[in-house]
Amino acid sequence: MSAATYGSLDPTNLGNFGNPLRLPGEDGLLGFLGASDTPVSLVACKERVGVLPGKETRTLVYRAGQDGRVLLNPVLIAEKGVGFSAELVNGLREEETTIHWHGLHLDWRADGHPSRQVGPGATHRYEFPVLNAGGTYWYHPHAHENTARQTYLGLAGFFLVRDEEDRRLNEALGLKLGETDIPLVIQDKTFAEDGSLVYEPSEMDRSMGVTGETILVNLTPTPFLVAENRVYRFRLLNASNARILRLALARPNESVPLAYRVVATDGSLLGRPRAVEELFLAPGERADVLLDLTGFEPGEEVALKSLAFDPMHREHEMGEGMNHGLDYAMTHDAHHDTGQERHAGRGDPGEGASMGGMDHAGASRLGDGQEFYLLRLVVKEQAGRGVSGSRMPETLSEVPEPDLSEAITRRVTLSADTEGDETRWLINGRTYDPNECPIVIRRGEVEVWEIRNEQRSMPHPMHLHAFRFRVLGRAGSPEQVSRLAVDRQGRTAMDLGWKDTVLVWPGETVRIAIDFSHGFEGEQLYLFHCHILEHEDSGMMVNVKVVEP
Ligand code: C2O
Ligand code: CU
Ligand code: CU
């Protein structure tokens, strides 16, 4: 995209945030689709949608119909304990696909494993009882070596599970799904001049993951939302291929962050709300947060943003002792010195324009770890009937510490194998082999996985299919993470609930506990992989088999 066009979409300039945020509604993109005891049909297909102002973009979407409504990438709503049934119709020409139900505890035959692809023109029915606790889950393709592209081009949606506890929180705060309880999917993409999506990863992009320069929230660039002065629940999903977010809330032109509360992580509610000023949200992760706007006057504004951080991207290429993150140094200094000019020489017109704004390092115009805004909230003129934060429940759920008395410990090492521009990311020294199963677990075992990311590496959000886990502790964390610790185990607020994806920084060791109990029939074949989708596609993934004891 030319500099002129990109200018109005530049997320580092809050003045640009004039597009009404797309809210999930009755139909169209992100429409709500009740899926409890009602079979749904999802057609994976090409569709033109209006993402950028005044332009159409060819994307891939899941198209669903219900009672004469057409929904694209519907927000599926399922009740805990009730059956779910979805038919995937592969309407893509010449490519296979699957649907993976990210975070859901289900029989592997319904998990969308890449060994069970659905060919072009073919259909497949996914059926399972919803066993997970109420919370924010999602679905996306898991095609063999083609997940990154299909997801980037548009295939992704929310899967909300409702249960008693989740309902209780919403009732206490008078929250209503779609109005004051809002799913927000965050993605970064690069668009060409004509509005089309650019996905042409270079060798370097494949190694580092593809980031885009346009930030979309619910497929809206530079969005704003008119809000009441009350409490809001945002269900945040990072569905980017590779970009990590450091989420904070601040008044315009003020750098002092405002506190907000985390109430749920990937797999349901925390024990109690946790006040934070920031959190890291990596690809695949979710956080449900409460924003308390009760003290705000009509006309006041607040911005959801991603703060600058050290992306620790190139640790694997640097000598020991060298300092990290050129991107970070540039944007960080620029931000603090002038408070204005955040590009600091990047993204000048003409610079690297041939690759849709990519520079020589393969990063987009919006560097990883650079500060930008996500959403401008404007408190409405006639405010005042809001529900205040004083009705905040003190407890949300039981999240017991796991029983580790019989647990065995498994070591998992993440490392890099670099040759020139190309880096292969390894799990325990190897890349994915569809025919091999390096991790075999007996059903019912509790395991502690000690995931160690080498110092010469980059951050990897590691995701396990079908089983939720607890984070036991972090060691060797970089300062930007260790300073967020809330307990002696080095855990951050994001580590205190049930998780299915955990970010492991270079030099860090993260211990997680997983209970491999399940009630499914026979041997189960799942996956453990990095959720930077280019890493997953290039083999930073292993089969995980759960066998009968
Ligand atoms: Cu959301 Cu196997 O991934
Ligand atoms: Cu998953
Ligand atoms: Cu990775």
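As the structure lists them, so they are numbered: ligands from 1, and atoms in each ligand from 1.
With a 6.0 Å cutoff to the six-membered ring centre and a 45° limit on the axis angle, R470 counts as a cation-pi contact of W498.
Not one N/O/S atom of H102, from backbone or side chain, sits under 2.8 Å from atom 2 (Cu) of ligand 1. The nearest N, O or S atom of H465 is closer to atom 2 (Cu) of ligand 1 than 2.8 Å. Contact annotation: H529 places an N, O or S atom under 2.8 Å from atom 2 (Cu) of ligand 1.
Below 30°, between 30° and 60°, or above 60°: for H105 and F520 the angle between ring planes is between 30° and 60°, a tilted geometry. The aromatic rings of H144 and Y432 sit tilted relative to each other, their planes meeting at an angle between 30° and 60°.
At least one donor-acceptor pair under 3.5 Å links the side chain of R22 to the backbone N or O of L219.
When you scan the N, O or S atoms of H100 for the one nearest the Cu ion (ligand 2), you land on NE2. The Cu ion (ligand 2) lies closest to atom NE2 when only the N/O/S atoms of H463 are considered.
Checked against a 6.0 Å centroid threshold, the rings of H113 and H465 do not count as neighbours.
Centred on the Cu ion (ligand 3), the ND1 atom of H535 and the ND1 atom of H460 lie at an angle of 110°, reported to 10°.
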